Amino acid sequence: GAVVSQHPSRVICKSGTSVKIECRSLDFQATTMFWYRQFPKQSLMLMATSNEGSKATYEQGVEKDKFLINHASLTLSTLTVTSAHPEDSSFYICSASLSGSGTQYFGPGTRLLVL
Amino acid sequence: DQQVKQNSPSLSVQEGRISILNCDYTNSMFDYFLWYKKYPAEGPTFLISISSIKDKNEDGRFTVFLNKSAKHLSLHIVPSQPGDSAVYFCAASATNTNAGKSTFGDGTTLTVKP
């Protein structure tokens, strides 16, 4: 149980375009989902906390207008990278947690390459 | 101020021996601790956790020890296997605050040599 999927697994886009990444909890309802990015050989950097039915909470230094997060249902959160630039190229990972649980279940990640 | 620290960026052990990964934290509000394992180009996978009411939790080859007074936890893997080679992240959360949000360490890359 506790499977989280992400789509797409890999995306290449041109600079200036927007990219949407989906995160789904497949076998449980997640009131809270998290979005991370990871640069090569670096730790996970929490970008934002996404709560179903409310606005996402962004970490300091993360532009909320650049990284749009929508958590429309208990099983789906989306991250849209707007007007992507090469510096946005990274590995984006989502996670979901069960209500009241401190354990996060991670998706397989999405590799974004902006040309 | 980094609240969760993994001071060893890498660790190399021989197959069959014990691997000990360490983690220190500074926030006394943390009461739930987790270890995740991550392979390149994949998301982390949950490995084992421990609540602050315990000082040890064991699951097969993996044991996590918690020393609250020292604000220190460790993950023991015995016997180590080549398939254990991965990056291991320590994480901590305060369960009575933002439910589910964890603070992660920078990770330790474990290499198990055959």
Side-chain angles (χ1 to χ4, degrees), chain A residues 1-7 9-10 21 23-25 28-52 54 56-60 71 77 90-113, chain B residues 1-10 21 23 25 27 29-54 57 59 64 66 73 86-109 111:
Chain A
V3 178
V4 176
S5 70
Q6 270 185 252
H7 178 79
S9 59
R10 182 186 295 264
I21 303 170
C23 177
R24 293 181 186 273
S25 56
F28 67 102
Q29 293 186 328
T31 53
T32 305
M33 290 184 171
F34 303 91
W35 287 96
Y36 297 82
R37 67 187 291 184
Q38 183 183 32
F39 295 98
K41 296 184 179 180
Q42 291 189 14
S43 182
L44 301 169
M45 185 193 84
L46 178 64
M47 299 174 65
T49 302
S50 169
N51 294 296
E52 187 268 337
S54 63
T57 303
Y58 290 83
E59 295 299 303
Q60 191 173 9
H71 194 156
S77 176
S90 189
F91 191 57
Y92 292 86
I93 310 172
C94 75
S95 71
S97 67
L98 295 164
S99 177
S101 166
T103 303
Q104 294 181 33
Y105 298 93
F106 287 83
T110 297
R111 174 72 62 190
L112 171 64
L113 178 61
Chain B
D1 176 38
Q2 195 167 10
Q3 297 186 61
V4 178
K5 293 183 181 179
Q6 293 176 254
N7 292 316
S8 297
S10 63
L21 297 100
C23 179
Y25 62 96
N27 190 340
M29 296 298 292
F30 289 147
D31 59 0
Y32 190 63
F33 305 89
L34 312 97
W35 285 94
Y36 292 87
K37 176 180 178 180
K38 185 182 183 301
Y39 293 115
E42 294 184 10
T45 55
F46 169 71
L47 201 55
I48 193 169
S49 64
I50 188 168
S51 165
S52 61
I53 62 174
K54 293 186 175 181
N57 189 25
D59 183 2
V64 56
L66 175 63
L73 65 154
V87 178
Y88 289 79
F89 289 99
C90 166
S93 66
T95 54
N96 63 341
T97 56
N98 191 353
K101 181 176 178 178
S102 294
T103 302
F104 284 79
D106 288 341
T108 296
T109 300
T111 302

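Just so it is clear, the structure is predicted and the values come from calculations on it, not from any experiment. Naming: A, B, ... by sequence-line order, numbering from 1 per chain.
- Taking the side chain as every heavy atom from C-beta outward, Lys101(B) and Leu46(A) approach each other to under 4.5 Å.
- In this structure, the side-chain contact (heavy atoms from CB on, under 4.5 Å) partners of Gln2(B), at least two apart in sequence or on a different chain, are Lys5(B), Asp106(B).
- Proximity to chain A (any heavy atom under 4.5 Å) is shown, for Phe33(B), by neither the backbone nor the side chain.
- Along residues 43-53 of chain B, the residues that come nearer than 4.5 angstrom to chain A, judged on non-hydrogen atoms, are Gly43(B), Pro44(B), Phe46(B) in order of number.
- Enclosure of atom CZ in Arg10(A) is not indicated, since only 12 or fewer non-hydrogen atoms of other residues, nucleotides or ligands lie within 6.0 angstrom.
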Go through the steps for Ile93(A) and Lys38(B) under the test side-chain contact (heavy atoms from CB on, under 4.5 Å), then give the verdict.
CA-CA 12 Å; Ile93(A) 310 172; Lys38(B) 185 182 183 301; 4.0 Å; yes
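- With a threshold of 4.5 angstrom between heavy atoms, Gln6(A) does not approach chain B through any atom at all.
- Tyr39(B) does not touch chain A: none of its heavy atoms, backbone or side chain, sits under 4.5 Å away.
- The ring-ring contact (aromatic ring centres under 6.0 Å, His included) check on Tyr58(A) picks up nothing, with sequence neighbours excluded.
- To the nearest 0.5 Å, atoms CZ (Phe104(B)) and CD (Gln38(A)) are separated by 11.0 Å.
- The two residues Tyr32(B) and Thr103(A) make their nearest non-hydrogen contact at OH-OG1, 3.0 Å.
- Taking Arg37(A) as the reference, nothing meets the salt bridge (charged side-chain N to carboxylate O under 4.0 Å, His left out) condition, with sequence neighbours excluded.
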